[in-house]
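Data first, discussion second: the structure below is written as structure tokens.
Atoms within a ligand are numbered from 1 in the order they appear, just like the ligands themselves. Bear in mind that the values here come from a model prediction, so they are computed numbers and not experimental data.
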Amino acid sequence: MAEPLKLAVVGHTNVGKTSLLRTLTRDVDFGEVSHRPSTTRHVEGARLSVDGQALVELYDTPGLEDAIALLEFFDRLDGPGERLDGPERVERFLQGSEARQRFEQEAKVLRQLRACDAGLYVIDAREPVLAKYRDELEVLAGCGKPLLPVLNFVAGHGHREAQWQEALARLGLHARVRFDSVAPPVDGEQRLYESLALLLEPARDTLQRLITDHRAQRQQRLASARQLIAGLLIDCAACRRGVSEEAQPQATHALRQAVREREQACVEALLKLYRFRPGDAQAADLPLLDGRWGDDLFNPETLRLLGVRVGGGMAAGAAAGAGVDLMVGGLTLGLAALAGALAGGALQTARGYGGRLLGKFKGERELTVDDAVLRLLALRQQQLVLALDARGHAALASVTVATPSEDHWRQGKLPVELNRARAHPQWSALNPGARLDLPERQQTVEQLAARLSAEPGVGR
Ligand SMILES: Nc1nc2c(ncn2[C@@H]2O[C@H](COP(=O)(O)OP(=O)(O)OP(=O)(O)O)[C@@H](O)[C@H]2O)c(=O)[nH]1
Ligand SMILES: [Mg+2]
């Protein structure tokens, strides 16, 4: 089809029409959404394109308010001895003066639906099935276009989906979809377009292209999200900062702050990737553990309760629970650092350690980020991706994430990529003189990202 498929989003006022458009277009700024009725006053369109070709045009319309009166008015439109069909009646109404006065808003809706290939009829499934909705459907059916009922508000409690399904079937509307625009089902868009294809056979290919493209886009987003998380983890694992004994408290504070900011930067990059608003999530507000400790990566109690192993690897001997562990200078530390370099499989870098080890003999200290913190970062960021993947662009509340359930990052062996990073301070954006463009770093990020893809949620 050369022309894009045109769809009018119609329905009673305040049922979530504009919200549905936001979610289908992944545009949080589309139109105006409000809990008050009659928010949308004009028809507004948006396009869905694939490879630069517009496939679908969606039109938001004002909500219907008084379909009962309009239907009564319709019944009086037939002249003596006349029997108009639906579209003829609608046309006569649109040409009359009432369409510019009393029924101005309704006229905008019907005019748009007449100009479209089909309508998405949005329903607030929490509402009882009242006569006014049946009248509304009758008025809309008069346009002679296929209507696909979309059951909104079905993700929460207290909806009446069963009654609606039955009522719609009785009205002859057998293709229906459930699609909560704040929390859409994972395959929600696909089902919506597939149902539409049943009603619009000529548009089948177009809709299939859209479905295929959506799937590809989603996989691409997940792949990019895994890269972002892997970059965060490598930055934190590779970070080491030399510090004198006197400067220790400030340096500890500064490194913790740097890690928190680095995590927040990852959160913001993920929000941007998923096209949500920058303020939709703050790392510090996302629970690490049932929201109980709520906040901090460096809270020893969080680490303990989450059951992540404190210590291990380079952080062995860390003061229990101190997220940033203090490695004391001396032979032990020297050996630990060397062992880490070897474990990371970078023998040649171990040579580069000469100067740093020497420094330690002189009593110099070095701060690194504990394994336990890496585990928390990995858990939390993966939960965030899961939440963003399932979030509709109509959502107005802040992102909430579930408590991580997945055990691998809590208890399992840390990925070798992180041990490798330990031996490459220049891989960390948190270190001065960082070389983020080193091919070996890039490769390690890729490998870590690939490992994340094997995990539930982020791997889908
Ligand atoms: N929880 C939840 N809230 C929703 C959902 N869809 C819409 N809302 C809320 O319902 C209210 C109305 O949403 P709108 O998208 O403005 O509704 P509308 O049908 O465009 O309204 P009018 O333009 O006034 O006819 C807003 O407060 C939305 O945030 C949903 O699926 N779940
Ligand atoms: Mg609206």
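Numbered from 1 in the order shown, with element, the atoms of ligand 1 that lie under 4.0 Å from a heavy atom of T39 read 22 (P), 23 (O), 24 (O). Those atoms of ligand 1 with a heavy atom of G63 less than 4.0 angstrom away are 25 (O). Under a 4.0 Å criterion applied to the non-hydrogen atoms of S38, ligand 1 contributes the atoms 24 (O). Every atom of ligand 1 is numbered from 1 in the order shown, and the set under 4.0 Å from a heavy atom of L396 is 29 (O). Atoms of ligand 1 lying under 4.0 Å from any heavy atom of T13, numbered from 1 in the order shown and given with element: 22 (P), 24 (O), 25 (O).
The closest protein non-hydrogen atom to atom 18 (P) of ligand 1 is K17 N, 3.4 Å. In this structure, atom 6 (N) of ligand 1 lies nearest to the protein heavy atom N152 ND2, 2.9 Å. Scanning the protein heavy atoms around atom 11 (C) of ligand 1, the nearest turns out to be S34 O, 3.5 Å. Among protein heavy atoms, the minimum distance from atom 21 (O) of ligand 1 is reached at N14 N, 3.1 Å. Regarding atom 5 (C) of ligand 1, its nearest protein heavy-atom neighbour is F153 CZ, 3.4 Å. The closest protein non-hydrogen atom to atom 17 (O) of ligand 1 is G16 N, 3.0 Å. Of all protein heavy atoms, the one lying nearest to atom 7 (C) of ligand 1 is S19 OG, 3.2 Å. Nearest protein heavy-atom contact of atom 28 (C) of ligand 1 is V33 CG1, 3.6 Å.
One distance of note links SG of C239 with CG of L374; it measures 10.5 Å at 0.5 Å rounding. For the atom pair SG (C266) and CG (L233), the distance works out to 8.0 Å, reported to the nearest 0.5 Å.
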Could you walk me through whether R170 and E166 satisfy the salt bridge (Lys or Arg N to Asp or Glu O under 4.0 Å) test, starting with their C-alpha distance in whole Å, then the side-chain angles of each, then the deciding distance to 0.1 Å, before giving a yes or no? CA-CA 6 Å; R170 291 175 76 102; E166 198 203 325; 3.8 Å; yes
Worked verdict on R420 versus Q447 for side-chain hydrogen bond (donor to acceptor under 3.5 Å, both in side chains): CA-CA 11 Å; R420 197 184 307 153; Q447 284 164 354; 2.9 Å; yes
Check the pair E446, Q442 against side-chain hydrogen bond (donor to acceptor under 3.5 Å, both in side chains), reporting the backbone distance first and the verdict last. CA-CA 6 Å; E446 303 275 342; Q442 305 272 21; over 6 Å; no
Walk me through it: do E263 and R260 pass the test salt bridge (Lys or Arg N to Asp or Glu O under 4.0 Å)? CA-CA 5 Å; E263 189 194 18; R260 290 189 192 106; over 6 Å; no
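Aromatic ring orientation, F103 versus F73: tilted (interplanar angle from 30° to 60°).
R391 forms no cation-pi arrangement with Y274, by the criterion of a distance under 6.0 Å to the ring centre and an angle within 45° of the ring axis.
Side chain of T23 to backbone of S181: a donor-acceptor contact under 3.5 angstrom is found. Side chain of T61 to main chain of V9: a donor-acceptor pair is present (N/O by atom type, distance under 3.5 Å, no hydrogens or angles).
Taking R262 as the reference, D235 meet the salt bridge (Lys or Arg N to Asp or Glu O under 4.0 Å) condition, with sequence neighbours excluded.
Taking a 6.0 Å sphere around CZ of R191, one finds it holds 12 or fewer heavy atoms contributed by other residues, nucleotides or ligands.
Ion pairing between E88 and R92 fails under the 4.0 Å rule for side-chain N and carboxylate O.
When non-hydrogen atoms are compared, ligand 1 lies under 4.0 Å from neither the backbone nor the side chain of A183.
Geometrically, ligand 1 and S181 share a nitrogen or oxygen pair separated by less than 3.5 Å.
For the Mg ion (ligand 2), protein N, O or S atoms closer than 2.8 Å were enumerated as T18 OG1, T40 OG1, with waters left out.
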